[in-house]
Each structure stands twice: as structure tokens, then as C-alpha cells.
Amino acid sequence: MKAFISVYDKIVDMLTKIVGVIAGTLILLVGFMIVYEIIARGIFNSPTEWVMEISTYCVIIAGFLGMGVAYAGKKHIHVDIILVHLSAKARCYIEVLTSLAGIYFSWLFTVEAWKMMQLSIEYNNCAPTTLSTPLWIPQSALPVGMFVLLLQIIGTLLHDIMKIKDNSFEGEVN
């Protein structure tokens, strides 16, 4: 089981880094687009029609792709007002329950987002804007980002199950 978890962690970490780089690159591109818009509008009095739409899509895509990255870095919201007063073993059991809930909701969101994206492809849905961007493009970040988050939560669950199985709580602070 430990060998499986080790391989699983390496694959999921690699995938998380890839989507993290994509998300970071998109945020960087947003910065360049906004600077371009400022220069085009302010200096040349020639505003663009595309910067607002594309930068909005980039931020949305980066946000969803970054969910797994944030979870891996322990940056998601974590309310621990009660947990800090529990033993490491009790916290681990609660983490298993919350991981199971997270897996359920992440899986449900991934599946429904995938269906939404497929419908957009099937019906050729496009944004009602000048660019007429096919909506499946920004929508594709939803199932991808949620799937990476799902994989990260599964990893947490596997580690917690191993802690419970091995009864390895002695190194943790109560």
C-alpha cells in the first residue's frame, strides 16, 4: 500500500505542478493584457474589445486549475477551532470523514462540469460577445481543476488511512 501511495503521490504532484504552471502563466498573461489595454487606451486612444473577455476567462480558468494546487499547499480554508483541542488520532479520523465528503462533492462537481462542457460542445454554445468564444474553452477548466482537487483529496485520504492502519500518531502535536 505504501508503494502505491508513493507512486500515486508522484503522479498527482506532477499533474498538480503542470496545472499550477498553467494557472500561473494565465495570471501572468492577464497582467500583460491589462498593461496592453492601459497603453492602447491611454496613449493611443484605441481601446481593445478582447482584453476584458480574455482576461476574465484566464482568471476563471486559473482559479479552477489552482484549486488542487492550493489544496496541495494546505492553502484551502481550514476551520480548526475545535480540532486544535483534539488528539492527533481524533483529528485524523475527522480528516477521513471530511476527505470522504470532499471526494463526493469534488466528484459530483467534476461529473456535472464535464456534462456542461459536453453540452456546450454539442450545441456549439458561444459567448454573446464580439469574439464569440466557444464556451467549452473556459468551461473545460472546471472539470480539470476539480479533478485535480479530487486527486489531491484522495491522496489525503490514503495518507490518513495509512496513519490509522499503522497507528502512527506519536510524531504529531496534540
Side-chain angles (χ1 to χ4, degrees), residues 1-31 34 55-121 125 135-174:
M1 177 91 164
K2 287 182 182 181
F4 170 77
I5 292 174
S6 177
V7 170
Y8 181 87
D9 284 343
K10 287 179 184 174
I11 292 169
V12 172
D13 287 346
M14 181 182 64
L15 181 61
T16 302
K17 285 178 185 171
I18 290 169
V19 297
V21 167
I22 293 169
T25 302
L26 288 172
I27 295 298
L28 183 64
L29 286 174
V30 168
I34 291 171
S55 62
T56 301
Y57 291 144
C58 287
V59 168
I60 291 169
I61 292 168
F64 275 98
L65 293 181
M67 291 177 72
V69 178
Y71 186 86
K74 309 261 188 261
K75 302 296 182 192
H76 269 255
I77 295 172
H78 193 244
V79 180
D80 58 0
I81 193 166
I82 296 172
L83 294 179
V84 294
H85 301 292
L86 299 175
S87 69
K89 189 173 188 175
R91 284 195 308 268
C92 190
Y93 277 102
I94 291 172
E95 184 74 31
V96 166
L97 292 175
T98 57
S99 291
L100 289 171
I103 288 168
Y104 171 74
F105 288 112
S106 296
W107 176 252
L108 186 64
F109 193 109
T110 301
V111 169
E112 293 303 317
W114 182 261
K115 289 178 187 176
M116 177 182 67
M117 186 187 75
Q118 284 182 315
L119 284 174
S120 290
I121 292 170
N125 291 343
L135 290 178
W136 69 267
I137 296 171
Q139 289 172 348
S140 65
L142 280 69
V144 172
M146 290 304 294
F147 185 68
V148 173
L149 177 62
L150 172 67
L151 294 175
Q152 284 290 341
I153 297 171
I154 289 170
T156 298
L157 178 65
L158 292 173
H159 284 279
D160 287 337
I161 288 171
M162 283 305 297
K163 281 184 192 175
I164 292 168
K165 182 180 173 246
D166 296 343
N167 200 25
S168 59
F169 305 104
E170 62 278 347
E172 296 187 27
V173 177
N174 286 336

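Side chains included, hydrogens not; waters and symmetry mates left out as well; all remaining heavy atoms used.
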Checklist entry - Are L119 and N125 close enough, and set up right, to give a side chain to side chain contact (heavy atoms under 4.5 Å, CB included), and what steps lead you there? => result CA-CA 8 Å; L119 284 174; N125 291 343; 5.6 Å; no
Roughly how far, to the nearest 0.5 Å, is the [atom2] atom of [Y] from the [atom1] atom of [X]?
X	Y	atom1	atom2	value
I103	L157	CD1	CG	4.5 Å
L86	I94	CG	CD1	5.0 Å
I22	L29	CD1	CG	11.5 Å

Please report the shortest heavy-atom distance between [X] and [Y], naming the atom on each side.
X	Y	result
E95	D160	CG-OD2, 2.6 Å
I153	S106	CD1-OG, 3.6 Å
P138	L142	O-CD1, 3.8 Å
S55	V30	O-CG2, 3.7 Å
H76	Y71	CD2-N, 3.1 Å

Taking the side chain as everything from C-beta on, heavy atoms only, tell me whether [X] gets closer than 4.5 Å to [Y].
X	Y	answer
Y57	L135	yes
N167	K89	yes
Q139	I61	no
D166	K2	yes
S99	T156	yes
L151	Y8	yes
L158	M1	yes

Next on the checklist: What verdict does the side chain to side chain contact (heavy atoms under 4.5 Å, CB included) test give for M67 and V148, after you've listed the backbone C-alpha separation in whole Å, the side-chain angles of each residue and the deciding distance to 0.1 Å?
Outcome noted: CA-CA 8 Å; M67 291 177 72; V148 173; over 6 Å; no
Next on the checklist: Under a 3.5 Å distance rule, please check whether T16 uses its side chain to pair with a backbone N or O of V12 as donor and acceptor.
Outcome noted: yes
Next on the checklist: Using side chain to side chain contact (heavy atoms under 4.5 Å, CB included), reason through L150 and F105 one step at a time and then give a plain yes or no.
Outcome noted: CA-CA 9 Å; L150 172 67; F105 288 112; over 6 Å; no
Next on the checklist: Is there a side chain to side chain contact (heavy atoms under 4.5 Å, CB included) between D9 and H159? Walk through the geometry before answering.
Outcome noted: CA-CA 10 Å; D9 284 343; H159 284 279; 2.7 Å; yes
Checklist entry - Which of these passes side chain to side chain contact (heavy atoms under 4.5 Å, CB included) with M146: V111, L108, L65, T110? => result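 Answer after filtering V111, L108, L65, T110: T110.
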